[in-house]
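The structure under discussion appears below in the form of structure tokens.
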Amino acid sequence: MSEPADRRYGPATLPRARGPLSAAVVEALRRPPHDLPADLGVDLDPADPFTDEDLQLTLFLCYELHYRGWLGVDESWEWQPTLLALRARCERIFEAALRRLVGAPPVPAAGVAAGLAELVAADNGPALAATLQRHADLTQFREFVAHRSVYHLREADPHSWALPRLGGPAKAALVEIQTDEYGNGRLDRMHAELFRRTLDRLGLDTGYGAHVDVAPAVTLATNNLMSLFGLHRRLRGALLGHLAAFEMTSSLPNRRYGNGLRRLGFDEVATRFYDEHVEADAVHEQIAAHDMCEGLVRAEPALAPDVLFGAAAGLAVDRLFAAHLLDSWAAGRSSLRAPAPPALPPRVSLVAMPAVAPPAPPALV
Ligand SMILES: [Fe+2]
Ligand SMILES: [Fe+2]
């Protein structure tokens, strides 16, 4: 449990508790692995699992043990049986809520790619991207970036859990997408690193997990959803459906995010993460729907309903996330939990923006 040399890459500091259950987990994680009380969490019955801070943080605390872990927390907690039992209790509540939220989208006769296209076409979510493009002020844009940093600083990791669970065409397609997400093995082109530069340009803390404390339950839910699908082999169809919906609804919003930052005076270093996704995800959406999801269903036809469930769940939770931001701003409130994100002075003048050359493309050998 030595201190990490570089906090950019994690592990993050344990977040503050948000209720009795997360308080018990945080307190336990500070000590060597031990059995938790058998009745911990048995009374859990949140009115709305998507906005329940205690439930979502507890899930996030458990899941992070499978990513970078937590600073100062014994790594053996990852497979501690009583903590896993508690996580399973929370997951049952979360998964049941997801299934109530989206039901079981029917698989059309034309196939799973057509079903994904129908779900995306029917996705009439709140206009978060348009607001960020046209109206959001710098404070609101920084809030949006802080929310998204919980995912983007580990971008693509949850979907990588599908790799050893797949073979054949679906695996090849997923590898093709993930290779781009990880910058084709070039650190400076990894999407997580491009996003780190956006955070830096906006004067926000670039450390892994730096904004978890201010991310509300609904933001954690967008992340917990991916971890739930990623960590359970039985949900591999839902994981691929989630990725497909993500890619199919990415290109246009990312163009808008980039334009919003340009409207606010930011340069191409700040917008590069978003600009990169405009073209990359126009390609990824084809690979994801046709090669990956149809490839999976050809090999395992019984997974077709799961693919559409995962896609619908991803779209629905993202709508809740967008509504939270827009409702908060409409009411004149911050969309983050107090305190405000750790703010540093912007790294660049908003008046006279220096021209910064983008990193050189990889050499062709
Ligand atoms: Fe990406
Ligand atoms: Fe992508």
Side-chain angles (χ1 to χ4, degrees), residues 8-9 67 113 116-117 119-120 123 128-129 132 144-163 166 170-201 206 208 219 222-223 225-227 229-230 238-261 268-296 307 310-311 314-315 317-318 321 358-359 361-362:
R8 283 180 296 176
Y9 306 129
Y67 291 93
L116 288 166
L119 285 173
V120 168
D123 182 45
L128 179 61
L132 286 160
F144 168 69
V145 168
H147 283 283
R148 289 296 201 205
S149 71
V150 179
Y151 173 63
H152 288 321
L153 288 176
R154 65 179 182 207
E155 178 148 320
D157 289 350
H159 299 106
S160 294
W161 272 315
L163 286 170
L166 301 173
K171 184 182 195 117
L174 179 58
V175 168
E176 187 175 1
I177 293 171
Q178 299 300 82
T179 302
D180 277 349
E181 303 293 340
Y182 292 125
N184 291 283
R186 286 273 308 265
L187 178 67
D188 64 344
R189 298 175 71 89
M190 278 174 61
H191 289 182
E193 294 305 309
L194 299 181
F195 191 76
R196 196 185 307 285
R197 279 182 237 146
T198 302
L199 281 165
D200 185 59
R201 276 298 205 244
T206 63
Y208 179 87
T219 304
T222 62
N223 287 273
L225 175 65
M226 290 183 256
S227 301
F229 292 166
L239 183 65
L240 297 200
H242 180 280
L243 178 57
F246 200 94
E247 300 289 353
M248 293 167 82
T249 54
S250 168
S251 193
L252 179 58
N254 276 294
R255 185 190 301 280
R256 289 183 160 151
Y257 303 145
N259 287 340
L261 280 179
E268 68 267 33
V269 175
T271 64
R272 175 121 190 261
F273 173 85
Y274 299 116
D275 298 339
E276 178 88 7
H277 282 85
V278 174
E279 285 185 24
D281 287 350
V283 177
H284 289 173
E285 72 171 88
Q286 299 300 323
I287 302 169
H290 295 281
D291 301 336
M292 187 178 73
C293 289
E294 290 209 325
L296 175 75
V307 170
L315 295 169
V317 176
D318 221 52
F321 168 79

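We count ligands from 1, going down the list as the structure has it; atoms in each ligand are counted the same way. For clarity, every value in this text was computed on a predicted model and none was experimentally measured. Quick note: numbers below take in every heavy atom, side chains included, and nothing from hydrogens, waters or symmetry partners.
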Holding to side chain to side chain contact (heavy atoms under 4.5 Å, CB included), I want the full list of residues that pass it with [X], two or more places apart in sequence or in another chain.
{"X": "Leu239", "result": "His159, Ala162, Phe229"}
{"X": "Ala244", "result": "Leu116, Met248, Ala288, Cys293"}
{"X": "Ala129", "result": "Pro253, Arg256, Tyr257"}

>> To make sure I understand the geometry: which N, O or S atom in Glu155 is closest to the Fe ion (ligand 1)?
In response: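 This turns out to be OE2.
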>> Is the terminal nitrogen or CZ of Arg154 (NZ for Lys, CZ for Arg) located under 6.0 angstrom from the six-membered ring centre of Tyr67 and within 45° of that ring's axis?
In response: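 Arg154 over Tyr67 ring: yes.
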> Which residues and atoms, counting only protein N, O or S, are under 2.8 Å from the Fe ion (ligand 2)?
Replying inline: Glu181 OE2, Glu247 OE1, Glu247 OE2, Asp281 OD1, His284 ND1
> Does the side chain of Tyr151 pick up a donor-acceptor pair with the side chain of Asp157 at under 3.5 Å?
Replying inline: no
> Would you say Glu276 has an N, O or S atom lying under 2.8 Å from the Fe ion (ligand 1)?
Replying inline: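 Coordinating: no.
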> Could you state the interatomic distance from CG (Asp281) to NE2 (His191), rounded to the nearest 0.5 Å?
Replying inline: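 So the gap between those two atoms works out to 7.5 Å.
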> Are the aromatic ring centres of Phe195 and Phe273 under 6.0 angstrom apart?
Replying inline: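 They qualify: ring centres under 6.0 Å apart.
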